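Some notes on the structure that comes next.
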Amino acid sequence: MGKIWAGLALSLAALTPAVGTPNEAPAPRTLPVIPSVRDFQPAGSGVFHLGPGTRVRAGRGSAAEDEARLLAGQLQVPFGFDDAKGDGDGPAGTGDITLRIDGPGAGTTKNAADVNESYVLTARNGQVTIDAPTDAGAFYGTRTLLQTLRAGTGMPEGVIKDTPDRPQRGLLLDIARKPFTRDWIEDRIRQLGDLKLNQLHLHFSDDQGFRIESSSHPEIVSRDHLSKADLRAIIDLAAQRHVTVIPEIDSPGHLGAVIRAHPDLQLVNASGRALPGAIDISKAAAARMVDDLTREFAPLFPGPYWHLGGDEYQALVVSDPETSYPQLVPPGGTVAEATTRWLNDREAVAKKFGKRTKAWNDGFISTPRAVPDRDREVEYWTGKELGARDPEEYLTAGRKVVNLNDEYLYYVLGEPNDFTYPTGERIYKEWTPAVLRGTSPVAASLATPDRVLGGRFAVWCDLADAQSQDEVARGIRLPLNAVAQKLWYPGTPPLSWPAFKALAGKVG
């Protein structure tokens, strides 16, 4: 139990919002958990603590068994089989924790993920039970219990009914510009899981590097890279912590690592100037290259998503693309049309592997003869590009949007181009999933969880040597805690920022 009780205890009183005026009902007691639980109903004055006989239990062969074994290891207590079917290790006793997969869950919103990731935690008579419809929900219930024990408070008697506000919650990591070690990435996965964040977006191909071993095109792989064995280990750990790994091979821009090995694929304008990182989409070999990589990597990532990139294609950031890049112009069409068709074609390959696709918002360009696939999710990151469109345009058109607002959620190493390192305090106090561009939210009717699906905090490594791995880990700790809070718990957080920051020092 040593690690559980390390540090000073946080009293429940210090984490409880002030009681309102005499005409108001008292605010419910707040538990020392990040993100805050959605609903906690105290019942009695008892508090659950680990005891000398504590076991973590689950049904033999049930979906909760792995979650129970993980929790038992973290608490340094024995695992035992639940006796519900008469084949366990005896009935639950005082101090025991039981995980069960049953019931409809605690979901309250329109999202399937809301129910699938929900749980009900009951502390009563010196025992804790966690009921959930899936192993993901059971896992999140164990995170809540683990945090109350780490905070030193124990789990007060009562019932928690908890579920996320947004189905997509996570971290983007740019490993293309700066290689990160497998151990460091695995530490972030553990951190994500403990904060109930469920996505890790790996941007592993860009101008500076291609960072995963490739058998189809080994010539493009950078010296510092993850082996496929590393990748499998990362994905296996992510699955254990209910984190989906989202791969991104950005195109048709940001392909400098590919172009260095295949300079014949580089985009050149009418004056003969080469465009850094931009591939010439009029060349069949360019399409074959990206499709080869998609076919190789899509099976390696078991999650449902494939990120197409699509941002900052240099042929689209000039005043007259057709004059500047005549080779890209289809008969009777435009460069914008050609670019949209390029992404649609790349998406068609990913869909053969059952993937749902995402792309950056500046990669969504509709023309009279080419429209981005309707099912593609919009990853909204900026409103500063040429011809920028407000997020409302995507939402009113019925597109699903994920929030990566560069005003709050972009941690860009070296702070180039007027970026500043985001702080947890600013995210905690100002940002919500509805704040997609700048500092103003979209209308509440457009920002429901079935429209704005969630968000991710993004680490971009533009000036790779500006921070070490350890400095990045320290710099993103509080922002990740704040993002986790805002994506799980809707509305104003129950704690003040100083109280939240202190709690993050204990459990986050």
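As the structure is a computational prediction, the values presented were derived from the model and not from experiment. When reading the values below, keep in mind they use all heavy atoms of this one structure, side chains included, and skip hydrogens, waters and symmetry mates.
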Glu347 vs Arg341, test: salt bridge (Lys or Arg N to Asp or Glu O under 4.0 Å). Steps then yes/no.
CA-CA 10 Å; Glu347 177 176 57; Arg341 291 190 184 280; over 6 Å; no
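The aromatic rings of His254 and His203 sit perpendicular to each other, their planes meeting at more than 60°, with 30° as the lower class boundary. Between Phe457 and Tyr411, the ring planes are tilted. Angles from 30° to 60° get that label.
The ring pair (Phe, Tyr, Trp, His ring centres under 6.0 Å) search around Trp497 returns Tyr428, Phe500, not counting sequence neighbours. For Asp390, the salt bridge (charged side-chain N to carboxylate O under 4.0 Å, His left out) partners at least two apart in sequence or on another chain are Arg437.
Looking at Asn269, its side chain does come within 3.5 Å of a backbone N or O of Arg273 through a donor-acceptor pair.
Under the 4.5 Å side-chain criterion, counting only non-hydrogen atoms from C-beta, Arg456 is not in contact with Leu171.
Counted within 6.0 Å of CZ on Arg374, heavy atoms from surrounding residues, nucleotides or ligands total more than 12; the atom is thus considered enclosed.
Tyr410 has its ring centre less than 6.0 Å from the ring centre of Trp381. Checked against the 6.0 Å centroid criterion, the rings of Phe139 and Tyr119 do not qualify as a close aromatic pair.
Remark: Arg182 is not positioned above the aromatic ring of Trp184, lacking an NZ or CZ atom under 6.0 angstrom from the ring centre and at most 45 degrees off the axis.
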Can you give each donor-acceptor pair under 3.5 Å made by side-chain atoms of residues 238-245, sequence neighbours left out, with the distance rounded to 0.1 Å?
unit_1 : atom_1 : unit_2 : atom_2 : d
His242 : NE2    : Glu67  : OE2    : 2.9

